[in-house]
Trainee: 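Can you read through this structure? Questions will come right after.
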Amino acid sequence: MMFVLVDCNNFYVSCERVFNPKLKNRPVIVLSNNDGCIVSRSDEFKKLGVSVGAPFFKVKEQILKLNTAVFSSNYTLYRNMSDRVMQSLSFFCDDLEIYSIDEAFLKIPDLSPEELTQFGQEIKETVEKWTGIPVSVGIAKTKTLAKAANEIAKINFRKGAGDLKGVLYLDLNDSDKYLEKLEISEVWGVGRKYTKKLQAEGIYFAKDFKDKSLDWIEKKMTIVGRKTAQELNGIVCFDLENNPEPKKGILSSRSFGKKVTDIKDLSQAVAYHAGIVGEKLRKQKSVAGRISVFVISNRFLDNFYYNSQAINLPISSNDTVELTKKALEGLENIFKKGISYKKVGTMATELTSEDEIQLSLYEDCDDRREAVNKT
DNA sequence: TCTGGGGTCCTAGGACCC
DNA sequence: TCTGGGGTCCTAGGACCC
């Protein structure tokens with residue numbers, strides 16, 4: 001079997017371009033809540049080293065110089081476009097995992113290298129024709145290698161080399177020639193912290209990592225790192241997950257656009273988030289056994305303050321009134337005067353299905369009845 | 001003063017992903 | 001002046017149990 005990773009290029013930017021074709025040849029930036037951070041940017045900025053997550057104010061000047069179109073994010077639009085992309089993909093293959101809003105894995109049978117490459121190109125052309133969203137395709141023996149292949153195809157395309165045309169099948173037999181050029185930080189599962197750690201050990205490229213001893217890697221990076229290394233060697237450790245379990249936690253949070261110090265303002269926000277959480281719970285037919293609330297000050301200033309509290313519910317619930325009451329109780333316990341708060345959130349965990357809770361309520365009744373009968 | 005061995009469960013914290 | 005939001009998984013250490 002082979003894994004195919006289809007990844008939309010600069011997804012939010014591409015969505016905006018679909019609805020406004022004049023933006024095709026113009027630099028575009030999409031910003032987060034409160035227009036604080038960059039969440040998507042066109043290729044011009046990738047080349048300039050403007051990364052996702054960068055604070056807008058720091059790069060604003062540089063960006064506006066280029067006659068850039070700047071957008072606040074419009075998640076309804078992006079969700080809608082995402083659905084269309086995923087639908088197009090399901091046309092090619094039923095064995096499909098929607099990994100994120102702009103990425104999906106497909107699992108397909110082994111074919112010859114030429115056929116695989118052709119398959120990838122067909123996917124790319126079709127999705128672009130049907131949705132207007134440009135994508136890159138990576139194909140390989142494991143998810144981690146498919147991710148790498150996709151990344152390499154993207155880099156190649158951006159450099160204007162163009163020989164891959166946004167599609168790469170990474171054959172296990174000559175993976176080294178690609179992996180020796182792929183920065184370790186680009187490997188799926190290796191983030192900022194591990195990149196530093198690994199570089200300190202002289203590991204700069206995916207190939208260096210892949211050739212290290214597994215036990216050594218596990219010691220440094222837990223079992224997760226071990227699996228990543230195995231996957232780079234073609235051993236499948238992460239299979240397709242196309243039967244998603246219901247979510248294990250549901251979170252709603254938002255940062256404030258201005259200074260907030262008053263518990264009244266915080267309470268209002270916490271209640272709002274509890275409402276959102278309740279709504280999401282009811283939508284997926286879950287109830288929460290635990291509700292937590294957290295507050296956080298500006299992490300870039302001194303006197304950084306973070307605190308959180310989790311409260312167990314006597315009976316699991318998805319009722320907004322109940323959730324709000326408990327969340328506000330929690331807030332009172334962690335509120336500290338004189339702090340300038342930047343963000344609050346409410347989170348539900350220990351989720352179970354609505355049906356189960358009803359069942360257990362009946363069971364309680366039965367127990368009680370039994371107890372009564374016995375006496 | 002000496003003070004077992006093994007198991008489970010829970011939580012906080014740290015890493016990662018998009 | 002201004003730094004997103006929503007998730008997952010793993011581990012260590014403490015509490016508790018026999």
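In what follows, chains are A, B, ... by sequence order, proteins preceding strands, each numbered from 1.
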Trainee: Using the closest heavy atom to pick a nucleotide of DNA chain C for each, name whichever of A:Phe57 or A:Pro246 lands nearer the 5' end.
Mentor: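 Nearest nucleotide further toward 5': that of A:Phe57.
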Trainee: Once pairs are restricted to Watson-Crick or G-U wobble with both distances under 3.5 Å, how does DNA chain C read as a dot-bracket string, [ ] for crossings and | for other-strand pairs?
Mentor: ....||||||||||||||
Trainee: Test salt bridge (charged side-chain N to carboxylate O under 4.0 Å, His left out) on A:Lys141 and A:Asp110 and set out the steps.
Mentor: CA-CA 9 Å; A:Lys141 263 283 165 213; A:Asp110 277 322; 3.5 Å; yes
Trainee: Quick check for you: to the nearest 0.5 Å, what is the distance between A:Ser136 atom OG and A:Asn156 atom CG?
Mentor: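 Separation between the atoms: 10.0 Å.
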Trainee: A:Asp102 near the nucleic acid: base, sugar-phosphate alone, or nothing, with a heavy-atom cut-off under 4.0 Å?
Mentor: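 Contact class for A:Asp102: sugar-phosphate only.
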Trainee: Report the residue from A:Thr228, A:Ile235, A:Asn233 that forms a side-chain contact (heavy atoms from CB on, under 4.5 Å) with A:Thr144.
Mentor: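 That would be A:Thr228.
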Trainee: Run the numbers on A:Asp215 and A:Arg226 for salt bridge (charged side-chain N to carboxylate O under 4.0 Å, His left out), then give the verdict.
Mentor: CA-CA 8 Å; A:Asp215 289 339; A:Arg226 187 190 188 98; 2.9 Å; yes
Trainee: Near DNA chain B, counting only heavy atoms under 4.0 Å, which residues of residues 190-213 of chain A show up?
Mentor: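 Nucleic-acid contacts, sorted: A:Val190, A:Gly191, A:Arg192, A:Lys193, A:Tyr194.
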Trainee: Please list, in numerical order, the residues of residues 60-91 of chain A that have a heavy atom closer than 4.0 Å to any atom of DNA chain C.
Mentor: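 Listed by number, there are none.
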Trainee: Tell me which of A:Lys248 and A:Phe300 sits closer to the 5' end of DNA chain C, going by the nucleotide each one is nearest to.
Mentor: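 Between the two, 5'-proximity favours A:Phe300.
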Trainee: Checking A:Asp102 against A:Ser82: is there a side-chain donor and acceptor pair closer than 3.5 Å?
Mentor: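 There is no such pair (donor and acceptor under 3.5 Å, judged by atom type) between the side chains of A:Ser82 and A:Asp102.
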Trainee: When all nucleic acid strands are considered with a 4.0 Å heavy-atom cut-off, which category describes A:Ile101: base, sugar-phosphate, or nothing?
Mentor: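 The answer is nothing, as A:Ile101 stays clear of every strand by at least 4.0 Å.
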Trainee: Verify the distance criterion only: is there a donor paired with an acceptor across the side chains of A:Asp171 and A:Tyr169 at less than 3.5 Å?
Mentor: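 Looking only at side-chain atoms, A:Tyr169 and A:Asp171 do form a donor-acceptor pair, the distance falling under 3.5 Å.
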Trainee: Pairs in or reaching into residues 254-274 of chain A: which pass ring-ring contact (aromatic ring centres under 6.0 Å, His included), with residues at least two apart or in two chains?
Mentor: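 ring-ring contact (aromatic ring centres under 6.0 Å, His included) check on residues 254-274 of chain A returns no pairs.
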Trainee: Could you state the interatomic distance from CG (A:Leu111) to CE (A:Met2), rounded to the nearest 0.5 Å?
Mentor: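 CE of A:Met2 is found 8.5 Å from CG of A:Leu111.
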Trainee: Would you give the length of the straight line joining atom NZ of A:Lys219 to atom OG of A:Ser213, rounded to the nearest 0.5 angstrom?
Mentor: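 Reported value, rounded in 0.5 Å steps: 7.5 Å.
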Trainee: Expected output is a numbered-order residue list: members of residues 254-266 of chain A with a heavy atom under 4.0 Å from any atom of DNA chain C. What is it?
Mentor: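 The stretch gives A:Arg254, A:Ser255 as the residues lying under 4.0 Å from the strand, ordered by number.
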Trainee: Going 5' to 3' along DNA chain B, which nucleotides are the first and last within contact of chain A (any atom under 4.0 Å from a heavy atom)?
Mentor: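 The contacted stretch runs from B:dT11 to B:dC18.
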Trainee: Suppose you measure atom P in B:dT3 against the same atom in C:dC18; what distance do you get, rounded to whole Å?
Mentor: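 After rounding to an integer number of Å, I get 24 Å for this pair.
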Trainee: Residues from residues 221-230 of chain A sitting under 4.0 Å of DNA chain C, heavy atoms only?
Mentor: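 Residues of residues 221-230 of chain A that come under 4.0 Å of DNA chain C are, in numerical order, A:Thr222, A:Ile223, A:Val224.
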Trainee: Any sub-3.5 Å donor-acceptor pair from A:Arg290's side-chain atoms to A:Glu350's backbone N or O?
Mentor: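 Checked: no pair found.
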Trainee: Is there a side-chain contact between A:Val70 and A:Leu64 (heavy atoms, below 4.5 Å)?
Mentor: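 Result yes, sub-4.5 Å side-chain heavy-atom pair found.
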Trainee: Can you establish whether the number of heavy atoms outside A:Tyr306 located under 6.0 Å from its atom OH is more than 12?
Mentor: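 Yes, enclosed.
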Trainee: Carefully, step by step, assess A:Lys47 and A:Asp43 under the rule salt bridge (charged side-chain N to carboxylate O under 4.0 Å, His left out).
Mentor: CA-CA 6 Å; A:Lys47 284 182 195 152; A:Asp43 282 343; over 6 Å; no
Trainee: Other members of the hydrophobic cluster containing A:Leu323, with the 4.5 Å side-chain heavy-atom rule, please.
Mentor: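 Cluster partners of A:Leu323: A:Ile250, A:Val277, A:Leu281, A:Ile291, A:Ile311, A:Leu313, A:Leu351.
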Trainee: What orientation do A:Phe105 and A:Trp188 show, parallel under 30°, tilted 30 to 60°, or perpendicular over 60°?
Mentor: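 Taking A:Trp188 first and then A:Phe105, their aromatic rings sit tilted (interplane angle of 30° to 60°).
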Trainee: Would you indicate whether the side-chain heavy atoms of A:Glu122 and A:Phe92 approach each other to under 4.5 Å?
Mentor: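 Counting from C-beta outward, A:Phe92 and A:Glu122 do come under 4.5 Å.
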Trainee: Cut-off 3.5 Å, no hydrogens considered: what does the side-chain donor-acceptor table look like for residues 293-300 of chain A, sequence neighbours left out?
Mentor:
unit_1: A:Ser297; atom_1: OG; unit_2: A:Tyr305; atom_2: N; d: 2.8
unit_1: A:Asn298; atom_1: OD1; unit_2: A:Phe300; atom_2: N; d: 2.8

Trainee: Would you say that A:Trp216 contacts A:Glu201 through its side chain, given a criterion of any heavy-atom pair below 4.5 Å between the two side chains?
Mentor: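 Counting from C-beta outward, A:Trp216 and A:Glu201 do come under 4.5 Å.
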Trainee: Tell me, which of residues 130-157 of chain A have any heavy atom that sits under 4.0 Å from an atom in DNA chain C?
Mentor: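 Those residues: none at all.
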Trainee: Check every strand shown and say whether A:Phe56 touches a base, only sugar-phosphate, or nothing at a heavy-atom separation below 4.0 Å.
Mentor: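 Since no nucleic acid heavy atom lies under 4.0 Å of A:Phe56, the category is nothing.
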Trainee: Excluding sequence neighbours, so at least two apart, what forms ring pair (Phe, Tyr, Trp, His ring centres under 6.0 Å) with A:Phe209?
Mentor: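 None.
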Trainee: Under 3.5 Å, which donor-acceptor pairs link side chains of residues 258-271 of chain A to any protein atom two or more places apart or in another chain?
Mentor:
unit_1: A:Asp262; atom_1: OD1; unit_2: A:Lys264; atom_2: N; d: 2.8
unit_1: A:Ser267; atom_1: OG; unit_2: A:Ile263; atom_2: O; d: 2.7

Trainee: Just verifying a value: how many Å separate A:Leu106 CG and A:Cys93 SG, rounded to the nearest 0.5 Å?
Mentor: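 Spacing of CG (A:Leu106) from SG (A:Cys93) equals 4.5 Å.
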